[in-house]
Number of protein chains: 2
Amino acid sequence: MAAPLEALAEYFKVFSEPNRLMVLEALREGPLNVTAVVQCTGLSQALVSKHLKLLTIAGVVARRPEGSLVFYEVLDRGVFRLLLAAEKQLLTAREQQLSALQAVL
Amino acid sequence: MAAPLEALAEYFKVFSEPNRLMVLEALREGPLNVTAVVQCTGLSQALVSKHLKLLTIAGVVARRPEGSLVFYEVLDRGVFRLLLAAEKQLLTAREQQLSALQAVL
DNA sequence: CTGCTGTATAACAGATACGTGATATCGCAA
DNA sequence: TTGCGATATCACGTATCTGTTATACAGCAG
């Protein structure tokens with residue numbers, strides 16, 4: 001039933017780099033080719049290519065060559081729900097850090 | 001509205017190590033002191049201490065000294081929902097990798 | 001105080017990940 | 001074929017992370 005913790009950890013690692021999240025955000029509104037993502041994010045082409053490859057291997061995005069361009073697309077928009085859930089949980093954590101701090105002061 | 005991607009990435013990083021997830025799982029059923037977590041997980045005492053410190057800094061668990069023992073407790077059980085959501089999303093990603101593979105074969 | 005248990009930290013080695021610059025490859029046009 | 005734009009990969013330096021060993025520190029018993 002439970003995926004091994006190693007697999008889960010690896011999946012979390014996919015979203016644990018800011019630039020990779022930036023690439024994902026660029027793809028939020030629809031498929032883009034590499035150059036478009038580069039312009040969207042301001043990252044170097046080589047770096048974008050690497051992150052896109054990782055996201056592809058992780059099964060988060062799909063690679064679709066079209067002529068001389070290569071388009072990438074988010075496969076399941078559920079990842080954005082996951083990002084949102086994490087962000088919400090992050091805020092909760094920050095809140096509780098604060099109240100823990102107040103309990104001390 | 002949106003937390004900076006850096007903060008979000010850092011939060012994901014918290015859950016991106018198998019041993020840290022193992023420590024979290026050990027705390028699922030309630031507060032434990034360090035030695036109990038060590039026994040639960042089979043990890044070394046120093047390592048458990050490190051991971052617990054990280055989880056504390058991240059605001060995921062709380063540290064509560066009790067006599068000569070130190071108990072750690074998950075602050076918001078919502079993290080377990082997050083873990084579950086991620087696991088589900090991971091399975092979805094695997095599925096779509098498979099169907100993409102079938103589309104090629 | 002001394003000693004003991006539990007916990008935290010320091011220092012280190014090894015592994016892993018990131019970003020860059022250069023280069024290779026692909027697809028197409030002429 | 002050559003040339004060109006788009007994408008991928010290689011090689012490298014650097015930084016970050018992990019786990020271990022050893023040590024330090026805290027709290028309590030005697």
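Just so we're on the same page: letters track the sequence lines, and every chain starts at 1.
Judged by distance alone, the side chain of B:Glu10 and the main-chain N or O of A:Ser16 form no donor-acceptor pair under 3.5 Å.
The shortest heavy-atom contact between B:Ala93 and A:Tyr11 is CB-CE1, 4.4 Å. Smallest separation of non-hydrogen atoms from B:Pro18 and A:Ala9: N-CB, 3.5 Å. A:Leu83 approaches A:Phe15 most closely through the heavy-atom pair CD2-CD2, 4.0 Å.
Between A:Arg63 and A:Val70, the closest side-chain pair of non-hydrogen atoms falls below 4.5 Å.
The pair B:Glu25-B:Arg28 meets the salt-bridge criterion, since a charged nitrogen lies less than 4.0 angstrom from a carboxylate oxygen.
For C:dC18, neither phosphate oxygen OP1 nor OP2 lies less than 4.0 angstrom from any side-chain nitrogen or oxygen of A:His51. Dashed line: the shortest gap from a side-chain N or O of A:Asn19 to OP1 or OP2 of C:dG19 is under 4.0 Å. At the phosphate of C:dT20, OP1 or OP2 sits under 4.0 Å from a side-chain N or O atom of A:Ser44.
Rounded to whole Å, the distance from CG on B:Leu43 to P on C:dT7 is 15 Å.
The side chain of A:Arg20 has C:dC18 as its nearest neighbour among C:dA11, C:dG19, C:dC18.
Counting 5' to 3', DNA chain D first comes under 4.0 angstrom of a heavy atom of chain B and last does so at the ends given by D:dC17 to D:dC28.
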